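Beneath this line is the structure, given in structure tokens, with notes to follow.
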Amino acid sequence: MSTRTRTRQRAFGALAVVIALIWMFPVYWMLNSSFLPYNRIRAAEPSFLPLNGTLSAYGRVFDSNFFDTLRISAMVTGITVVAALLFAFLAALALSRFRFKGRRSFILAVLIIQMIPAEGLFISQFKLLEGWQLLNSVIGLSLLYIAAVVPFTIWMLRGFVNGVPRDLEEAALVDGCSRLQAFFRITFPLLAPGLVASGVYAFLQAWNEFTLSLVIMTRPENMTLPLWLRSFTEANRVSDWAGIMAGSVLVAVPVMIFFLLVQHRMTSGLVSGAVKG
Amino acid sequence: MLLLPALAILVAALGYPLYRQAVMSFQEYGLAQQFGQPAEWVGLDNYVTLVTDSYLWTVILRSIVFCFANAAITMVIGVALAVLMTVIGRGPRLILQIGLLLAWAMPHLASLTVWQWLFDSQYGVINWLLVNLGFDRFAGHSWLIDQLSFFVVATVIVVWMSVPFVAFAVYAGLTQVPGELYEAAEIDGASAWARFRAVTVPLVKPVLLIVMLLQIIWDLKVFTQIFVLQDAGGITAQTNLIGTYIYRLGLGEGEFGLAAAASWFVLLLTVVLSLYYVRVLVREEEL
């Protein structure tokens, strides 16, 4: 490599680091502010390091109804993940292992449904749950979430099922396994990473969703975490940004860890058709 | 049958509401009906009311402008960062990727909350920075009150959230371009720009197309960001996009019939856009 290209590479490298720092600044700022005491949050000069910080902001969050909403969110998310995985897994199996009439149109429908915006449907979904007495209920919200994540989960799992060679299953059958045994001994273990990835995807969607829960969970005691964060922000906007940032940290950090684990699979799932090349 | 559970839930939670929405859009369905009065058939009245209401067109136009501006900015920055990733060393690349991933992983509500704090008029660090750079008029500046600067803030947030996906997807596409092609082009005497245009662009074009389309579809239905920022001090009538408009029409004013009719606009617009996406996917993928 010539010196000229090397200097150029260095310059670009430095630019990349600067951009990276700018991009992660909001995340850093959230953490930083959550540790600052009251007087330093409202100082004329912002504190860029949480030296001699305090955890009192987290205490103020725990004193609000944070844990009640955490429970609601956990229930909704749990139901969504389990049901979506189960349904999508069965459907993906059917789509990739059996040829039947309507198979192609089902796949197409899955793709199109995935694109339907919640904003175009929430009015009638609200009316629907109202009619079934399921407004403000964990079951009602989960039902909508399952329907929202199942299409993409099917799409993702189908890719994984396709990736398991049929020959392997057939070899097991020849060796005297029953169809069920072949499935549990051969196919299922190979699919485990796919199930984990799809499960985390469903988890993230349900945990972070805002619009539908805003529409469905109208009572304060039934808020999910994103709704809680919004109302907590509204209530403390004037007085307590440290508390608000502590709330954001608690909502964000666990989810971010999950996200980092599966990010790669989700990107490739979304553009799979194109990237494969 | 293995498909049955998935099918059942899709029909119950998506199919039936779609049907219900279609019916409702032809009915007089306001607050009175909400409390038990039978809904009256009004034919196309809701649609006529909407189409002749200039505010709807303002909102649609605003949404489209917002969508294309955001998608364009996101694409330009995202592609630039993806190309940047290919020319820098491993260390800086890793740092850049971590920075982008952190932004991407943030739940929307948490990022919105943080950005409100960054843009806070009194103690926000952005105003502090601008004042220290010599722009004194930003002391105590309130970003959300003015329509244009409201959308500037919204754009900053949306772009910040969306660039990582674009950058990673395009970078994944770029790394699949075989190195020999570049060498061959270099031997043939092609300049860096010519190599980029003749080798890189055609090979990553499918990825670019898909990513751009997804970006447009997503930016068209931006809801959370606008809704939360409106709460934080924006003037609703000046800042509504399609999503928030429907929400306020339906659940705010109880005009369910009108809101259902307006929803159909969004659906049609999105479906038209997504059909193209589906076609590209279907062509690439063996079904």
Side-chain angles (χ1 to χ4, degrees), chain A residues 9 12-13 16-17 19-20 23-24 26-27 29-30 33 41-42 46 87-88 90-91 93-94 104 107 111-113 115 117 119-121 123-125 127-128 143-144 146-147 150 154 208 210-211 215 226 229-230 233-234 241 244-245 248 251-252 255-256 259-260 263 267 271 273-275 277, chain B residues 2-3 5-6 9-10 13-14 16-17 20-21 24 84 87-89 92 95-96 99-103 105-110 113-115 117-118 123 125 128 168-169 172-173 176 206-207 210 217 221 223-224 228 231 243 246 250-251 256 259-260 263 266-267 270 274 278 281 284-285 287:
Chain A
Q9 200 188 28
F12 279 132
V17 172
I19 295 175
W23 227 266
M24 60 175 103
V27 181
W29 201 242
M30 166 178 82
S33 304
I41 271 270
R42 312 193 72 167
F87 297 171
L90 295 175
L93 212 57
R104 219 184 126 85
I107 298 181
L111 270 177
I112 297 176
I113 289 171
M115 293 290 130
E119 289 66 27
L121 268 180
I123 295 291
S124 50
Q125 285 175 328
K127 303 294 300 174
L128 173 86
L143 186 74
L144 299 186
I146 297 167
V150 146
I154 294 179
N208 292 337
F210 176 74
T211 313
V215 172
L229 184 57
R230 167 172 165 262
T233 309
E234 291 308 310
W241 274 107
I244 297 173
M245 286 302 110
S248 305
V251 171
V255 191
M256 289 171 83
F259 180 90
L260 297 181
Q263 167 279 131
T267 329
V271 289
V275 186
Chain B
L2 296 171
L3 285 177
I9 198 131
L10 288 179
L14 293 173
Y16 181 69
R20 184 71 195 274
Q21 183 157 296
M24 215 154 51
L84 185 63
V87 298
I88 55 183
I95 296 175
L96 181 56
L100 292 176
L101 271 178
L102 285 177
M106 279 277 273
H108 283 188
L109 246 290
T113 313
V114 176
W115 278 103
W117 169 224
L118 291 168
Y123 304 105
V125 73
W128 174 84
F168 277 100
Q176 307 228 327
V207 185
I210 294 256
I217 291 170
K221 52 185 209 185
F223 174 85
T224 313
V228 171
D231 266 12
I246 295 174
L251 296 161
F256 289 98
S263 303
V266 193
L267 283 179
T270 323
S274 24
V278 170
L281 268 189
E284 300 281 329
E285 184 109 349
L287 284 184

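Hydrogens, waters and symmetry mates play no part in the numbers below; they use all other heavy atoms, side chains included. Just so it is clear, the model here is predicted, and its values are computed rather than measured.
Of all heavy-atom pairs spanning Ile95(B) and Met24(A), the tightest one is O-CE, 4.1 Å. Among all heavy-atom pairs drawn from Ala20(A) and Leu96(B), the shortest one is CB-CA, 3.6 Å. Across every non-hydrogen atom of Met256(A) and Pro107(B), the tightest pair is CG-CD, 4.4 Å.
From Phe259(A), atom CZ reaches atom CG of Leu101(B) across 6.5 Å, with rounding to the nearest 0.5 Å. Taking CG of Asp231(B) as the start and CD of Glu234(A) as the end, the distance is 5.0 Å to the nearest 0.5 Å. Remark: Met245(A) CE to Trp117(B) CH2 distance equals 7.5 Å, nearest 0.5 Å. Note that CH2 of Trp23(A) and CG of Leu102(B) are 13.0 Å apart. Values are rounded to the nearest 0.5 Å. Distance CE/Met30(A) to OG1/Thr113(B): 9.5 Å, rounded to 0.5 Å. Rounded to the nearest 0.5 angstrom, Thr233(A) OG1 and Leu109(B) CG are separated by 7.5 Å.
Side-chain contact check for Ile19(A) versus Leu84(B): some heavy-atom pair is nearer than 4.5 Å. At least one side-chain heavy atom of Val27(A) sits less than 4.5 Å from a side-chain heavy atom of Met106(B).
Taking chain B as the reference chain and counting heavy-atom pairs below 4.5 Å, the highest number among Pro226(A), Pro26(A), Ala252(A) is found for Pro26(A).
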Point to revise | Evaluation steps, side chain to side chain contact (heavy atoms under 4.5 Å, CB included), between Val228(B) and Phe210(A) | key: CA-CA 10 Å; Val228(B) 171; Phe210(A) 176 74; 4.2 Å; yes

